[in-house]
Amino acid sequence: TSCTMKHWWDPKAKNGTAFTVDMPTYENLKYGPHMRQSLDVWLPARSAGMKTPVLINIHGGGWSDGDRLGGIASMWPKCRKEGIALVSISYRMVHDARDAGIKPPVKACLDDAVAAIEYVKAHADAWGLDVGRIGLTGGSAGACSSLYASLQGDCALGIRALLVHSPQTSIDPKEMKEWIPNSRYGSHAFGYGSFKDWLEHRADVLPWIEKFSPAGLLRACT
């Protein structure tokens, strides 16, 4: 007997919340050597010879927490109904990057988002995906990663749509303070213990900020 459902437990939800989701068509595929560099793929039914659009989910959690199955229980049925393939990725966290000596730590998270998308594109023919119709979704840190990937030079990844919520549109502490005066989030992404330290040392990491901050990348495109 084959199992068609996967159980997932969210310990952060009030009193804990159990979900069941369809088993992925392809589960725990590796797009890199690290244990977190993996993804799941759900493919909808399709007519012979027809290619499907694909939505790639990048989970949130401050690049420090979260799970790629979070939200899939509600996301996949909608995608399946509309004939859209769904991919959900895991990626190296900030603490994984620190352990590996990667600077700034957020580089690992953002590099993995790009690598996962490239992996999906490389397997598009085998999975019947339309690489001309790739969308990205995610919340918070996952939304920032989605924005970053979509803004690579000359839209190199060919992202056609974004559906993000609560995004980190800037990871520049000076800009964040100008936009939201009580900003205090994000220092861990650049290896600092506090927002104050990050802001005081902004000049030291400005080249990284310009390379990774979605707002800066967007300005460079205009």
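Being a predicted model, the structure only gives us computed values, none of them experimental.
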Rounded to the nearest 0.5 Å, the CD1 atom of Ile56 sits from the CG atom of Leu86 at a distance of 9.5 Å

Can you tell me if Arg133 and Thr52 form a side-chain donor-acceptor pair at under 3.5 Å?
-> no

Could you walk me through whether Asn57 and Ile72 pass the side chain to side chain contact (heavy atoms under 4.5 Å, CB included) test, one step at a time?
-> CA-CA 9 Å; Asn57 176 60; Ile72 298 301; 4.0 Å; yes

Residues Asp125 and Lys51 bridged, charged N to O under 4.0 Å = yes

Determine, stepwise, if the pair Tyr26 / Leu39 fulfils side chain to side chain contact (heavy atoms under 4.5 Å, CB included).
-> CA-CA 8 Å; Tyr26 301 105; Leu39 53 83; over 6 Å; no

Is there a side-chain contact between Val41 and Val54 (heavy atoms, below 4.5 Å)?
-> no

Rounded to the nearest 0.5 Å, what separation is found between the NE2 atom of His95 and the CG atom of Asp65?
-> 8.5 Å

Any His188 side-chain heavy atom under 4.5 Å of Ser64 side chain | yes

Non-neighbouring partners of Ser166 that pass side-chain contact (heavy atoms from CB on, under 4.5 Å), sequence neighbours left out = none

Compare all side-chain heavy atoms of Pro214 with those of Gln168 and state whether any distance is below 4.5 angstrom.
-> no

Min side-chain heavy-atom separation Tyr31-Asp112 under 4.5 Å | yes

Taken to the nearest 0.5 Å, the spacing of Leu110 CG from Lys211 NZ works out to 10.0 Å

Of all heavy-atom pairs linking His59 and Ile89, the shortest is CD2-O, 3.5 Å

Donor-acceptor pair, side chain of Gln152 and main chain of Tyr148, under 3.5 angstrom = yes

Minimal heavy-atom distance between Ala189 and Val94, with the atoms involved, is CA-CG2, 4.3 Å

Leu217 side, atom CG; Leu151 side, atom CG - distance, nearest 0.5 Å | 5.5 Å

Contact check, side chains of Val21 and Met75, non-hydrogen atoms, under 4.5 Å = no

So CG of Asp99 and CZ of Arg92: to nearest 0.5 Å the spacing works out to 12.0 Å

Do you know which two heavy atoms are closest between Ile159 and Ile117, and how far apart they sit?
-> CD1-CG2, 4.3 Å

For Phe195, what residues pass the ring pair (Phe, Tyr, Trp, His ring centres under 6.0 Å) criterion, not counting sequence neighbours?
-> Trp198

Can you name the closest pair of heavy atoms from Lys107 and Ile102 and give their distance?
-> CB-CG2, 4.2 Å

For Lys174, salt bridge (charged side-chain N to carboxylate O under 4.0 Å, His left out) partners two or more places apart = Glu178

Using the six-membered ring wherever Trp is involved, compare the ring planes of His201 and Tyr192 and label them parallel, tilted or perpendicular (cut-offs 30° and 60°).
-> parallel

Under 6.0 Å from the NZ atom of Lys103, do we count more than 12 heavy atoms belonging to anything else shown?
-> no

About how many Å separate NE2 of His165 and OG1 of Thr137, when rounded to the nearest 0.5 Å?
-> 6.0 Å

More than 12 heavy atoms of other groups within 6.0 Å of Arg184 CZ | no

Say whether Ser145 and Trp63, considering side chains only, have a donor N or O and an acceptor N or O under 3.5 Å apart.
-> yes

Is there a path of hydrophobic side-chain contacts, each under 4.5 Å between heavy atoms of I, L, V, M, F, W or Y residues, that connects Phe190 with Trp179?
-> no

Under 3.5 Å, is there a donor-acceptor pair between the Trp42 and Asp22 side chains?
-> no

Within 6.0 Å of NZ in Lys196, more than 12 heavy atoms from elsewhere | no

Within the distance-only criterion (no hydrogens, no angle test), does the side chain of Arg46 pair as donor or acceptor with the backbone N or O of Met50 below 3.5 angstrom?
-> yes

Arg219 with Glu175: basic N within carboxylate O range, under 4.0 Å | yes

So, the side chain of Ser38 versus the backbone of Asn28: is there a donor-acceptor pair under 3.5 Å, distance only?
-> no

Does atom CZ of Arg160 have more than 12 heavy-atom neighbours, drawn from other residues, nucleotides or ligands, at distances under 6.0 Å?
-> no

Does the Asp130 side chain pair with the main chain of Pro53, one donor and one acceptor, at a distance under 3.5 Å?
-> no

Quick one: closest heavy-atom pair of Gly191 and Pro105, and the distance?
-> N-CD, 3.7 Å

Are any of the side-chain heavy atoms of Leu162 and Leu147 separated by less than 4.5 Å?
-> yes

Tyr91 vs Met93 side-chain heavy atoms within contact, under 4.5 Å = yes

ILVMFWY cluster, Phe212 and Leu206 together (side-chain gap under 4.5 Å) | yes

Heavy atoms of Arg68 and Ser90 approach each other most closely as NH1-OG, 2.8 Å

Under a 4.5 Å cut-off applied to non-hydrogen side-chain atoms, are Ile180 and Met176 in contact?
-> no

